[in-house]
J.: 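One structure, pasted below without further comment.
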Amino acid sequence: MYTNFKEFLSNELANIQEAGLYKRERVIVNPQQANIKISSGQEVLNFCANNYLGLSNNSNLIEAAKKALDTRGFGMSSVRFICGTQDLHLELEKKISDFFGTEDAILYAACFDANGGVFEPLLSEEDAIISDSLNHASIIDGVRLCKAQRYRYANANMEELENCLMVSQAQRFRLIVTDGVFSMDGNVAPLDKIYELAQKYNAMIMVDESHSAGVVGETGRGTTELYNLRGKVEIITGTLGKAFGGAIGGFTTGKKEVIDMLRQRSRPYLFSNSIPPMVAAAGIEMFNMMSKTNDLQDNLHSNTAYFLGKMKSAGFDIKPTRSAICAVMLYDAKLSQEFASKMLEEGIYVIGFYFPVVPKDQARIRVQISAGHEPEHIDRCVNAFIKVGKELGVIS
Ligand SMILES: *Cc1c(COP(=O)(O)O)cnc(C)c1O
């Protein structure tokens with residue numbers, strides 16, 4: 001049996017390679033941070049991590065995790081409702097809902113699981129899910145597991161959203177679902193307008209704050225802070241794997257009854273292991289740090305503004321962004337790959353994205369700014385962009 005299957009897979013893999021879509025992993029041999037060392041021995045500045053607040057290698061979080069290893073052990077060997085709940089898990093859930101100004105929160109092993117387990121327990125055939133076309137893969141998969149009617153609107157297109165809301169009026173409940181920040185462009189969902197439409201057409205809202213939590217809004221509370229809608233959105237999902245320390249873990253937070261129902265019926269919560277105590281402890285420490293100071297957010301925002309200002313005055317074409325994601329537009333797929341590899345030669349690690357990850361002829365280099373970058377890191381990045389940009393005729 002395997003002989004045929006092996007041949008089938010080998011052919012498919014060869015096709016992936018031929019299409020230039022085969023993913024290779026670069027191996028890092030030191031902690032995740034602004035300067036990383038890769039297995040070739042080269043030291044480079046990292047501009048492609050989701051380490052927005054520079055917390056992946058933060059000493060306070062490491063200390064908190066070590067302490068929890070000593071006092072609460074290594075793993076839970078259980079799901080939450082059998083014997084997988086420690087005081088730390090409950091405390092972290094409380095911190096999450098305080099941070100977002102919501103009523104309750106529930107932890108998952110990852111945001112992929114939070115999104116996978118949020119729709120099916122809450123909605124059924126009589127209901128409608130109205131989803132932005134650029135929503136994350138985990139939202140798409142979560143929606144697939146749910147029997148609700150599906151509607152889709154073009155990215156951030158409020159006319160199309162309104163149309164979906166009109167045609168779904170016969171359904172019992174309507175839930176609009178959007179990413180807070182879209183990962184390829186860095187644009188923020190127009191939550192103010194979504195909220196207005198939700199009010200007008202009697203719909204609920206779910207926002208996935210994975211790329212926006214810790215980043216967007218004066219104090220990093222996400223898109224609900226940016227649009228003055230704290231406490232007004234029914235469901236928020238997010239990750240501990242990006243700005244919030246970058247280890248592992250996801251959550252859903254929002255209305256009390258929603259969270260209660262998820263604890264009863266959400267399959268990735270009921271049938272998958274509890275997060276390790278050290279991860280919960282580091283998460284608690286992270287929220288404590290954020291409640292004491294806004295330095296990380298302030299750094300991130302000024303770093304982003306600094307990068308954008310320099311790049312624009314050098315003549316680069318950057319998508320309008322309100323996050324820490326800056327899409328440097330090159331349009332041509334081959335150019336984006338050549339540009340990224342020349343950047344690596346200059347000691348700057350960035351990734352070029354092209355079709356089908358982004359639309360055809362919309363190839364770009366995605367730069368992700370971090371509070372962990374020093375101004376001189378950003379200078380080196382911009383100087384490399386200018387050098388390579390001139391070499392390849394992108395800027396003059
Ligand atoms: C990264 C991401 C996820 C997945 O988060 P994990 O915790 O890594 O599973 C989900 N949704 C969005 C929008 C993301 O960007």
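Here the structure is a predicted model, which is why all the values come from computation and not from measurement. Ligands are counted one by one from 1 in listed order, and the atoms in each one are counted from 1 as well.
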J.: What is the minimum heavy-atom distance between Ile194 and Ala189, and which atoms define it?
T.: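 What the structure gives for the nearest pair is CD1-CB, 4.4 Å.
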J.: Could Lys387 and Glu346 be called an ion pair, given the rule that one side-chain N must be under 4.0 Å from one carboxylate O?
T.: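 Yes.
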J.: Is the contact between Cys111 and ligand 1 made by the side chain, the backbone, both, or neither, using heavy atoms and a 4.0 Å cut-off?
T.: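 Both parts.
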J.: Distance under 4.0 Å to a non-hydrogen atom of Asp179: what atoms of ligand 1 satisfy this?
T.: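 Listed by number with element, the hits are 13 (C).
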J.: Taking only non-hydrogen atoms of Glu209, do any sit less than 4.0 angstrom from ligand 1?
T.: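 Per 4.0 Å heavy-atom rule, Glu209 does not contact ligand 1.
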J.: Between ligand 1 and Ser183, can you find any atom pair, the residue atom being a heavy atom, that is separated by under 4.0 Å?
T.: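 Not so, Ser183 does not reach ligand 1.
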J.: At a 4.0 Å threshold, what atoms of ligand 1 neighbour a non-hydrogen atom of Asn115?
T.: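 Atoms satisfying the 4.0 Å criterion: 10 (C), 11 (N).
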J.: If we count only N and O atoms by modelled type, under 3.5 Å, do the side chains of Tyr201 and Glu162 hold a donor and an acceptor together?
T.: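 The answer is yes; a qualifying pair exists.
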J.: Just jot down the ligand 1 atoms closer than 4.0 angstrom to any heavy atom of Asp208, in number order.
T.: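 Per the distance check, 10 (C), 11 (N), 12 (C), 13 (C).
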J.: As a test of understanding, state which of Asn135, Thr178, Thr223, Asn115 forms a side-chain hydrogen bond (donor to acceptor under 3.5 Å, both in side chains) with Asp208.
T.: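 For Asp208, the side-chain hydrogen bond (donor to acceptor under 3.5 Å, both in side chains) check succeeds only for Asn115.
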J.: So, regarding Thr239 and ligand 1 (criterion: nitrogen or oxygen to nitrogen or oxygen, under 3.5 Å), is there a contact or not?
T.: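 So ligand 1 has an N or O lying under 3.5 Å from an N or O of Thr239.
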J.: Check Ser138 against ligand 1 and report side chain, backbone, both or neither, counting heavy atoms closer than 4.0 Å.
T.: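 Answer for Ser138: side chain.
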J.: Could you tell me whether Ile139 approaches ligand 1 through its side chain, its backbone, both or neither, with non-hydrogen atoms closer than 4.0 Å?
T.: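 For Ile139, there is no contact with ligand 1 at all, from either part.
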J.: Looking only at distance, does Phe112 have an N or O less than 3.5 Å from an N or O of ligand 1?
T.: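 By distance alone, the answer is yes.
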J.: How about Phe316 and Phe385: do any of their side-chain heavy atoms sit closer than 4.5 Å?
T.: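 They are in contact (side-chain heavy atoms under 4.5 Å apart), so the answer is yes.
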J.: For the residue pair Gln33 / Asn51, report whether a side-chain donor-acceptor contact shorter than 3.5 Å exists.
T.: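 Absent: no donor and acceptor within the cut-off.
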J.: Can you see whether Glu7 engages Ser10 through a side-chain donor-acceptor pair at a distance of less than 3.5 angstrom?
T.: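 Checked: Glu7/Ser10 side chains show no N/O donor-acceptor pair below 3.5 Å.
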J.: Any luck finding a side-chain donor-acceptor pair between Asn155 and Asp185 under 3.5 Å?
T.: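 Side-chain D/A pair, Asn155 to Asp185: absent.
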J.: Identify the protein heavy atom lying closest to atom 15 (O) of ligand 1, giving its residue, its atom name and the separation to 0.1 Å.
T.: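 Looking only at protein heavy atoms, the one closest to atom 15 (O) of ligand 1 is Lys242 NZ, 2.6 Å.
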